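Everything numeric here is computed off the predicted structure, so don't read it as measured data. Both backbone and side-chain heavy atoms feed into the values below; hydrogens, waters and symmetry mates do not. A, B, ... follow the sequence lines: proteins, then strands. Residue 1 opens every chain.
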2 protein chains.
Amino acid sequence: MREISIGEAARRSGIKVTTIRFYEERGLLPAPPRSDSGRRIYDTATVERLGFIRHARDLGFRLEDIADLLALQGQPGASCAPADSLARRHLSAVRERIAALRALETELERMVSGCDHTDTAHCRVIETLADHARCIADHPTGLTGELDTAGAGKAD
Amino acid sequence: MREISIGEAARRSGIKVTTIRFYEERGLLPAPPRSDSGRRIYDTATVERLGFIRHARDLGFRLEDIADLLALQGQPGASCAPADSLARRHLSAVRERIAALRALETELERMVSGCDHTDTAHCRVIETLADHARCIADHPTGLTGELDTAGAGKAD
DNA sequence: CCTACTTTCTACAGCGACTGTAGAAGCAAG
DNA sequence: CTTGCTTCTACAGTCGCTGTAGAAAGTAGG
């Protein structure tokens, strides 16, 4: 089985068939050779490349950054500084995200624990939402989804 | 200044003009009366509604859920159980997200701390990405961006 | 060989929550 | 009157896919 179909590549890499074609379109994978009837033919190297991509996606890297990392991987001997700084930047983005989510967690906890469950007129959840002043110092307003993925991998 | 323009409403609420129009289209705001020349005319109640929306968005609620919360707010006397359970569900989603991001943080830390910064052939970052087996037990594969917002509020 | 089923192909629309663009019109001040 | 700001509508783009439609090709059983 030296010639690998797209479906087989999907099974081996854990990336869906449609997603593989999407990655090709986005330049993460080279256009593969085709069979006489026009079907994509992959090899083990491509499957490994897909594994790389999947892992990087699981870690929340953006496709654009993954393309850069793949290019670096293909240049043995080149400095790994770009890969390193990319990973570091990503790490600090993840940390910021965690901090923001923790602040959210705190305020949501206060909201749901403070509600006496009678009716909407006295609902702490709704009151709190209506009156930002009650917690304006507690949760962040200023960082928008710059890191929205993490732990991807629905995979087939 | 009883009649509030969309720009003024944006300034007061911290929500961009374009986003206000977008919220109207999505049914979070009623279609406001218009001036002779067709411009939207708001009142303080709408500005407060915008504040509610903004706060809920800052907390990461989805627009669909915010619409539900707004409907509940408008029905004093109704049970707040739906609002409560919505907030609780959201809270547990936030917690899951934090846990996933912490796992990511751990692996990213290992990646960047283990790199000796020589060249790509020995780069720990790239090696780790290429070989998922090194950490397959450490980070989650299975939960995809079901909670991707948090701490929004770029706001004008 | 025929039929049924699966896989693959292309091309395009949709998700969520906006943001940005284009082009036109209204409005206020100098 | 001109300049410059605001507002209007309508639509495309962001990100990382997912889902759809319709067609062609491959595979298995009778």
- request: First locate atom NE2 of A:His90, then atom CD of B:Glu105, and finally report the distance between them rounded to the nearest 0.5 Å.
  value: 11.0 Å
Spatial distance of atom CG (B:Leu86) from atom CZ (B:Arg62) [nearest 0.5 Å]: 9.0 Å
message: Can you tell me if A:Lys16 touches the phosphate of D:dC17, counting only side-chain N or O atoms and a distance under 4.0 Å to OP1 or OP2?
response: no
query: Separation of B:Ile41 atom CD1 from D:dT6 atom P, in whole Å?
result: 18 Å
query: More 5' along DNA chain D: A:Ser37 or A:Tyr23, using each one's nearest nucleotide?
result: A:Tyr23
- request: Starting at atom CZ of A:Phe61, determine the distance to atom P of D:dG16, rounded to an integer number of angstrom.
  value: 13 Å
query: Are OP1 or OP2 of D:dT14 and a side-chain N or O of A:Arg62 less than 4.0 angstrom apart?
result: no
- request: Following the transitive rule for hydrophobic clusters with a side-chain heavy-atom cut-off under 4.5 Å over Ile, Leu, Val, Met, Phe, Trp and Tyr, establish whether A:Tyr23 and A:Ile41 coincide in one cluster.
  value: no
- prompt: Quick one: which of C:dT10, C:dA17, C:dT8 gets closest to the side chain of A:Arg34?
  reply: C:dT10
query: Roughly, in whole Å, what's the span from CD1 in B:Ile6 to C1' in C:dG26?
result: 15 Å
query: When rounded to the nearest 0.5 angstrom, what is the spacing between CZ in A:Arg124 and OG in A:Ser113?
result: 8.0 Å
message: Looking only at the side chain of A:Arg39 (C-beta and beyond, no hydrogens), which of the listed nucleotides D:dG16, C:dT7, C:dG26 gets closest?
response: C:dT7
- prompt: Side chain of A:Thr19: nearest nucleotide among D:dG16, D:dT9, D:dC17?
  reply: D:dC17
- request: Please examine the side chains of A:Ile126 and B:Phe52, heavy atoms only from C-beta on, and report whether any two atoms are closer than 4.5 Å.
  value: yes
- line: Among C:dT8, D:dG16, C:dA17, the one nearest any side-chain atom of A:Ser5 is C:dT8
- prompt: When we call it a touch if two heavy atoms are under 4.0 Å apart, what does A:Arg21 touch: a base, just sugar-phosphate, or nothing?
  reply: base
query: In whole angstroms, how far is the P atom of D:dT18 from the CD1 atom of A:Ile15?
result: 10 Å
- prompt: B:Val17 side chain: which of D:dC17, D:dT7, D:dT18 is closest?
  reply: D:dT7
query: Could you give the CZ-to-P distance, from B:Arg40 to D:dT7, as a whole number of Å?
result: 10 Å
Spacing of B:Tyr42 atom OH relative to D:dC8 atom C1', expressed in whole Å: 12 Å
- request: Determine the contact category for A:Ser35: base if any of its heavy atoms lies under 4.0 Å from a base atom, sugar-phosphate if only primed atoms, P, OP1 or OP2 are that close, otherwise nothing.
  value: nothing
field: B:Ile20 CD1 to D:dT6 P, straight-line distance once rounded to whole Å
entry: 14 Å
query: Given atom CG of B:Leu63 and atom P of C:dA17, what is their separation to the nearest angstrom?
result: 4 Å
- line: Taking for A:Arg26 and for B:Gly38 the nucleotide of DNA chain D with the nearest heavy atom, the one nearer the 5' end belongs to B:Gly38
